[in-house]
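One structure below.
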Amino acid sequence: MSQLLTREEICVPENEVYHRTCLLTDAALTYCPGCGHGTAHRLIMEVIEEMGLQADTIGVAPVGCSVLAYDFMDIDMQQAAHGRAPAVATGIKRLYPDKFVFTYQGDGDLAAIGTGETLHACNRGENITIFFVNNGIYGMTGGQMAPTTLPGMKTATSPFGRDTESMGYPLKITELIAMLPGTYYVTRQSVHTPQNVRKAKKAIEKAIQYQKLNRGLNFVEIVSNCNSGWKMTPLESNKWMEENMFPYYPLGDIKVPKQN
Amino acid sequence: MAKVKGEIVVNTERCKGCELCVPVCKEKTIAMSGLLNSKGYHYATSANEDCNGCTNCAIVCPDGAITVYRVKLEAA
Ligand SMILES: Cc1ncc(C[n+]2csc(CCOP(=O)(O)OP(=O)(O)O)c2C)c(N)n1
Ligand code: SF4
Ligand code: SF4
Ligand code: SF4
Ligand SMILES: [Mg+2]
């Protein structure tokens with residue numbers, strides 16, 4: 001009787017409903033346990049696989065924990081100097097307008113040292129896609145304060161918490177670039193629960209599809225955790241993110257294309 | 001009514017023991033092993049027969065360590 005199927009009988013290829021995409025290499029991810037970078041990588045690669053774009057995609061990796069993204073994503077990749085990914089992607093897209101070109105950047109990369117490149121690529125309306133992983137901290141270098149660090153948040157360089165009077169306010173760069181006429185689709189997502197993963201995947205699909213329209217820059221922020229920098233377990237960091245990051249960085253679409 | 005039966009296979013060497021897959025499983029199928037993998041992580045493992053193949057665990061796993069299988073069972 002079918003009810004008595006053994007584990008060996010169930011675990012055969014024709015019954016498979018989920019497996020790791022073949023567009024991730026076999027290399028072990030260098031991220032800390034539970035870090036959202038891994039999930040973000042996987043979703044982008046799943047969408048590129050499902051859209052059959054492996055040979056037509058060029059990605060630009062940043063400086064930050066995801067500096068080695070080119071070792072993990074099995075597509076053509078270029079690594080850019082810190083913060084310069086949107087400028088590098090601009091050059092690539094202008095030379096290869098038929099390719100799907102994206103950058104993958106952290107908040108230190110995109111919203112601190114690379115603010116100029118980000119704003120101008122968005123303002124020029126470059127036909128690229130930016131994936132922005134915002135964990136409110138410089139993860140790679142040991143958890144220093146970033147422009148995105150929350151008020152009162154403790155980091156290696158704000159050990160008593162970010163004091164907005166002397167250290168300024170968290171930069172909502174995604175809201176800022178949404179105001180520029182050069183951006184076409186701007187959204188903020190997260191990848192910490194199954195529901196959020198499914199929503200983020202749909203947003204990534206749109207941000208890739210829209211690039212074909214040549215109507216401007218598509219931007220997907222993923223609010224994520226940095227359990228090492230925040231000094232929490234992965235589950236604690238996701239809870240902290242819901243309670244503290246989401247009120248300041250609310251999830252959802254910020255700019256959607258006008259229907260016409 | 002057709003019922004479903006799922007199974008997961010954890011790549012225990014890829015798993016980093018982060019436990020993000022544990023609370024998203026409504027069937028309480030996943031538990032952390034008392035054993036360690038070669039990197040020293042307690043890895044996730046299937047601890048009951050109740051998996052329904054929903055894929056929740058697999059899609060939140062940052063390391064892509066979980067493969068999910070599902071079969072439809074005919075009504076008895
Ligand atoms: C020109 C230059 N300045 C500074 C650094 C040091 N540095 C490396 S990564 C990093 C910040 C990365 O933070 P983020 O972009 O948020 O990435 P995360 O690691 O948090 O994902 C800094 C300042 C560098 N590598 N190059
Ligand atoms: S330091 Fe933070 S951002 Fe970097 S891999 Fe670890 S958890 Fe992820
Ligand atoms: S597939 Fe669903 S039911 Fe099965 S172990 Fe994963 S989360 Fe639990
Ligand atoms: S989510 Fe993945 S890496 Fe984390 S414990 Fe579960 S199987 Fe292991
Ligand atoms: Mg960061």
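Chain A is the first sequence line, chain B the second, and so forth, proteins listed ahead of strands; every chain is numbered from 1.
Most heavy-atom pairs under 4.5 Å with chain B: of the set A/K201, A/H192, A/Q195, A/E16, this distinction falls to A/E16. When each of A/T39, A/L24, A/N15 is checked for heavy-atom pairs under 4.5 Å with chain B, A/N15 comes out on top. Counting heavy-atom pairs closer than 4.5 Å to chain B, the top-ranked of the candidates A/L43, A/V191, A/V12, A/T21 is A/V12. Of the listed residues A/G38, A/P194, A/P13, A/G34, the one with more heavy-atom pairs under 4.5 angstrom with chain B than any other is A/P194.
Taking every heavy atom of both residues into account, B/P62 and B/C18 meet most closely at CD-SG, 4.1 Å. Across every non-hydrogen atom of A/R20 and A/T25, the tightest pair is NH2-O, 2.9 Å. Residues A/T148 and A/A111 approach most closely at CG2-CB, 4.4 Å, considering heavy atoms. Here the shortest heavy-atom pairing between B/V68 and B/A58 reads CG2-CB, 3.6 Å. Considering all non-hydrogen atoms of both residues, A/P170 and A/T149 come closest at CG-O, 3.2 Å. Nearest approach of A/S66 to A/H41, heavy atoms of both residues: CB-CE1, 4.1 Å.
A/A27 touches chain B through its backbone: at least one of N, CA, C or O sits under 4.5 Å from a heavy atom, while the side chain does not. No part of A/N225 comes within reach of chain B, as not one of its non-hydrogen atoms sits under 4.5 angstrom from that chain. A/N196 does not touch chain B: none of its heavy atoms, backbone or side chain, sits under 4.5 Å away. Proximity to chain B (any heavy atom under 4.5 Å) is restricted, for A/C35, to the backbone atoms N, CA, C and O. When heavy atoms are compared at a cutoff of 4.5 Å, B/R70 approaches chain A by way of both its backbone and its side chain. Using a 4.5 Å cut-off between heavy atoms, B/C57 does not touch chain A at all. Only the side chain of A/V197 comes within less than 4.5 Å of a heavy atom in chain B; its backbone stays farther off. Heavy atoms closer than 4.5 Å to chain B are found in the backbone of A/T193, but not in its side chain. With a 4.5 angstrom heavy-atom cutoff, A/R42 touches chain B only via side-chain atoms.
Residue A/K154 places its NZ atom among 12 or fewer non-hydrogen atoms of other residues, nucleotides or ligands, all under 6.0 Å distant.
Taking the ring centre of A/F100 as origin, the terminal cationic atom of A/K212 falls outside the region bounded by 6.0 Å and 45° from the ring axis.
Using the six-membered ring where Trp is involved, A/H37 and A/Y104 have ring planes that are tilted, between 30° and 60° apart.
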